[in-house]
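Given the structure is predicted, the values throughout are model-derived calculations rather than measurements. Along the sequence shown, residues are numbered consecutively beginning with 1.
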Amino acid sequence: MKDGFIKCGAGTPKIVVGDCMSNAVEIVKIIEEADKKGIKLLALPELCVSGYTCGDLFLQDALLDGAEKAVEYILKESKKTDVVTAIGAPLRRRGKLFNCAVVIYKGEILGVTPKINIPEYGEFYESRYFACGADIELDEITVCGKSAPFGNIVYTNSFMSDYSFGVEICEDLWVANSPSVNLSKNGARIILNLSASNEVVGKSEYRRNLVSIQSGKLDCAYVYASAGDGESTTDVVFAGHNIIAESGNVLSESILFSNSLVYNDVDVKKLSYERRKKSTVKIEDEEDVVYFEQKLSVNKLTRLFPQTPFAPSDEAKRDERCELILNMQACGMKKRIEHTRSQKLVIGLSGGLDSALALLVTVKAVDLLGKDRKSVLAVTMPCFGTTKRTKSNAEILADGLGVDFAEVNISKAVEQHFEDIGQSKEDLSVTFENAQARERTQVLMDIANKNGGLVVGTGDLSELALGWATYNGDHMSMYGVNASIPKTLVRYLVKYYADKCESQKVKDALYDILDTPVSPELLPAQDEKISQCTEEIVGPYELHDFFLYYILRWGYSPDKVYRIATKTFKGKYNDETVMRWLKSFYKRFFAQQFKRSCIPDGIKVGSVTLSPRGDWRMPSDASSKLWLDILDEIDK
């Protein structure tokens, strides 16, 4: 439960219709299995104590008495486990029969939630037996001789208020006004659904989408457990489709017809962060709350975190994402060209990844406008650190794409500037580097003015986060097409373009650019080789992009980022390396905000961006001490 991770499970025991005690034995087995796996919150299917398909047997006292005895057995046998479990059982109350979710923990019933939406269509005829649980304010029900809360309850952990859940039953999810809506408004971060959803062709996909969408709409985790093998197959079949979703993403899912137990770590603190952030999420006063004292513990994480959170690991999905992003970038650029009536699109083409992507996007934009590609001017500006490799790739790429190309050697201008300000050429300090970057920007701006055009920026999101840009140098442009593209995604986009490119010349140039070390080439080259590798200075971009995503998108604390990063990159980077670059990230991120406070326009393509006009507003003089202190405590 550390860092807000609650290991949740959804299981399907094999049942015998009408044999409540036999079912109780199987239910206890699955609870014990869940306990061994470290699961803290478990959902089991609708009416699993009796079987969902009992029909008119639900009207028999023998079955209902047997169900209560079975619940009593489950309470007794599961007492030694540390699993909060919701089981489905038919229970009587004030002369009516309810389809109930019984929430148990440590041999006690925490509460009972009745099903609200009782289906009466097709193969369903529940209203023949069960009363509707709607409009029941928190009351009591007697089960196994003891009184328990009864109603639409939010269960909240006494030691961590973010760990709160509610329960709905099967059809409750499929209707327009699901009980989970109010449960979420009243504070539930996790919704358990006890279901007996039969299987027909196409239903599993619809069900999966329904669960996923509900978790996204409500900013919750949704744990769905469904009936499977053992239910009657007189007219229908049940597949035991168990699903765990969070914020619109499916974390775990069972194989149909397997009667399995699926589980994963849901992140309740992340869910709370998302709800705080959204002004449209309306939180009501918590009503009908039942507190439970399940002690917090350090859980072994089951959940996997992708090393590249900005790009899907599945190649087909990644290609689809890349195509979409390239189109988004191009459409953003197209609108800016139309609005400014620019005659020339000027790009500083270094032969590196970022400028290659900016050029590809700009060419795509002018193609959409039906303009001549010669309206794009790629400018290479060699100086002290430029290598033949990058200069050559810039020339080949520009030629292959059919754009205008110009070379402006800035060496003499920079040397004159050094003389003017008293800077020794032998002094390879930050002034030596930044003077070149600023000279290049001046050249681009003046060429754009001369040709009635605009300067297309090449800097990416990772560089903005780290402040790896020269203020009023490459930091500045007239439109930044890569402003919300992190470095790891830049690489995928360029590769995607190269893979599908019909021009062999362009393809070869892009592949060589992909193989070239990332560098600003501001220090003198050594034997025509790049002497300044960015990732040796600021750290690996895959780590920084990972940090960036979880810090900005989900508000993870430094210790939580460190925990998941060491797990995710185990075997690739040791703990000390992760700590080193995570500290560096926080230091640079806070110190370099002043550059982000005045960045050019550029569209948002994903869930993380640093535009001061949009997603990220931060004072330029904020302190990083609190964040670094947390890491220092770990590092002791």
| In terms of heavy-atom contacts, does NZ of Lys570 have more than 12 from other residues, nucleotides or ligands at under 6.0 Å? | no

| request: Give the intermediate values and the outcome of side-chain contact (heavy atoms from CB on, under 4.5 Å) for residues Val112 and Arg93. | output: CA-CA 11 Å; Val112 177; Arg93 179 180 180 272; over 6 Å; no

| said: Does Asp135 have more than 12 heavy atoms from other residues, nucleotides or ligands lying within 6.0 Å of its CG? | reply: no

| query | Any Lys/Arg nitrogen of Asp162 or Lys269 sitting under 4.0 Å from an Asp/Glu carboxylate oxygen of the other? | reply | yes

| query | Between Tyr550 and Phe546, does the ring centroid distance fall short of 6.0 Å? | reply | yes

| request: To the nearest 0.5 Å, tell me how far Lys14 NZ sits from Cys48 SG. | output: 14.5 Å

| With distance as the sole criterion, is a donor-acceptor pair present between the side chains of Thr81 and Asp35 under 3.5 Å? | no

| said: Could you check whether Ser178 and Glu168, counting side-chain N and O atoms only, form a donor-acceptor pair closer than 3.5 Å? | reply: no

| field | From Ser226 atom OG to Leu194 atom CG, the distance as rounded to the nearest 0.5 Å | value | 10.0 Å

| note | CG (Asp172) and CG (Asn177) are apart, to the nearest 0.5 Å, by 10.0 Å

| field | Residue list, ring pair (Phe, Tyr, Trp, His ring centres under 6.0 Å) with Tyr573, at least two apart or on another chain | value | Phe569

| field | Carboxylate-amine/guanidinium proximity below 4.0 Å for Glu199 and Arg207 | value | yes

| Does the pair Tyr556 and Lys270 meet the rule for a side-chain contact (heavy atoms from CB on, under 4.5 Å), with working shown? | CA-CA 7 Å; Tyr556 276 21; Lys270 164 185 164 181; 4.0 Å; yes

| request: Among Glu246, Met160, Met1, find the residue that satisfies the side chain to side chain contact (heavy atoms under 4.5 Å, CB included) test when tested with Val268. | output: Met160

| query | Ile485 pairs by side chain to side chain contact (heavy atoms under 4.5 Å, CB included) with which of Ile325, Thr609, Leu461? | reply | Ile325

| task | Report the distance from atom CD1 of Ile141 to atom CD1 of Ile109, rounding to the nearest 0.5 Å. | result | 8.5 Å

| query | Ser611 and Lys604: side-chain donor and acceptor closer than 3.5 Å? | reply | no

| Phe292 and Tyr163 aromatic ring geometry - parallel, tilted or perpendicular at 30°/60° bounds | perpendicular

| task | Look at atom NZ of Lys317 and say whether more than 12 heavy atoms of other residues, nucleotides or ligands are closer to it than 6.0 Å. | result | no

Please list, one pair per line, the donor and acceptor atoms closer than 3.5 Å that link side chains of residues 142-149 to other protein atoms, with sequence neighbours excluded.
from: Ser147; atom 1: OG; to: Glu140; atom 2: OE1; distance (Å): 3.0

| request: Could you list the residues that satisfy ring pair (Phe, Tyr, Trp, His ring centres under 6.0 Å) with Phe124, not counting sequence neighbours? | output: Tyr121

| message | Less than 4.0 angstrom from a charged side-chain N to a carboxylate O is my criterion; do Asp65 and Arg92 meet it? | response | yes

| task | Please name the pair of heavy atoms, one in Arg563 and one in Asn299, separated by the smallest distance, quoted to 0.1 Å. | result | NH2-O, 2.6 Å

| note | Checking Tyr105, Tyr155, Tyr222 against Phe165 for ring pair (Phe, Tyr, Trp, His ring centres under 6.0 Å), the one that qualifies is Tyr155

| Between Asn242 and Thr12: side-chain donor-acceptor atoms closer than 3.5 Å | yes

| In terms of side-chain geometry, is the basic nitrogen of Glu274 or Lys277 positioned less than 4.0 Å from the acidic oxygen of its partner? | yes

| field | Minimal non-hydrogen separation, Ala227 against Pro45, with atom names | value | N-CB, 3.6 Å

| request: Could you go through the side-chain hydrogen bond (donor to acceptor under 3.5 Å, both in side chains) check for Tyr52 and Glu126 one step at a time? | output: CA-CA 10 Å; Tyr52 176 77; Glu126 288 184 34; 2.6 Å; yes

| Short side-chain donor-acceptor distance under 3.5 Å, Asp56 and Tyr129 | yes

| request: Establish, for the pair Lys560 and Phe5, whether the NZ or CZ atom is under 6.0 angstrom from the six-membered ring centre and no further than 45 degrees off its axis. | output: yes

| Minimal non-hydrogen separation, Ile6 against Lys40, with atom names | CG2-CB, 4.4 Å

| Asp82 and Lys106: CA distance, side-chain angles, deciding distance, side-chain contact (heavy atoms from CB on, under 4.5 Å) verdict | CA-CA 7 Å; Asp82 191 37; Lys106 293 289 186 183; 3.9 Å; yes

| With a 4.0 Å cut-off, would you call Arg94 and Asp139 a salt bridge? | yes

| query | side-chain contact (heavy atoms from CB on, under 4.5 Å) between Phe238 and Ile15: does it pass, once the steps are laid out? | reply | CA-CA 12 Å; Phe238 297 84; Ile15 64 119; over 6 Å; no

| field | Sidechain N-carboxylate O distance under 4.0 Å for Glu26, Lys29 | value | yes

| query | Does the side chain of Ser232 come under 3.5 Å of the side chain of Thr234 through a donor N or O and an acceptor N or O? | reply | yes

| task | Using side chain to side chain contact (heavy atoms under 4.5 Å, CB included) as the criterion, point out the one residue from Leu44, Thr85, Asn259 that pairs with Ile30. | result | Leu44

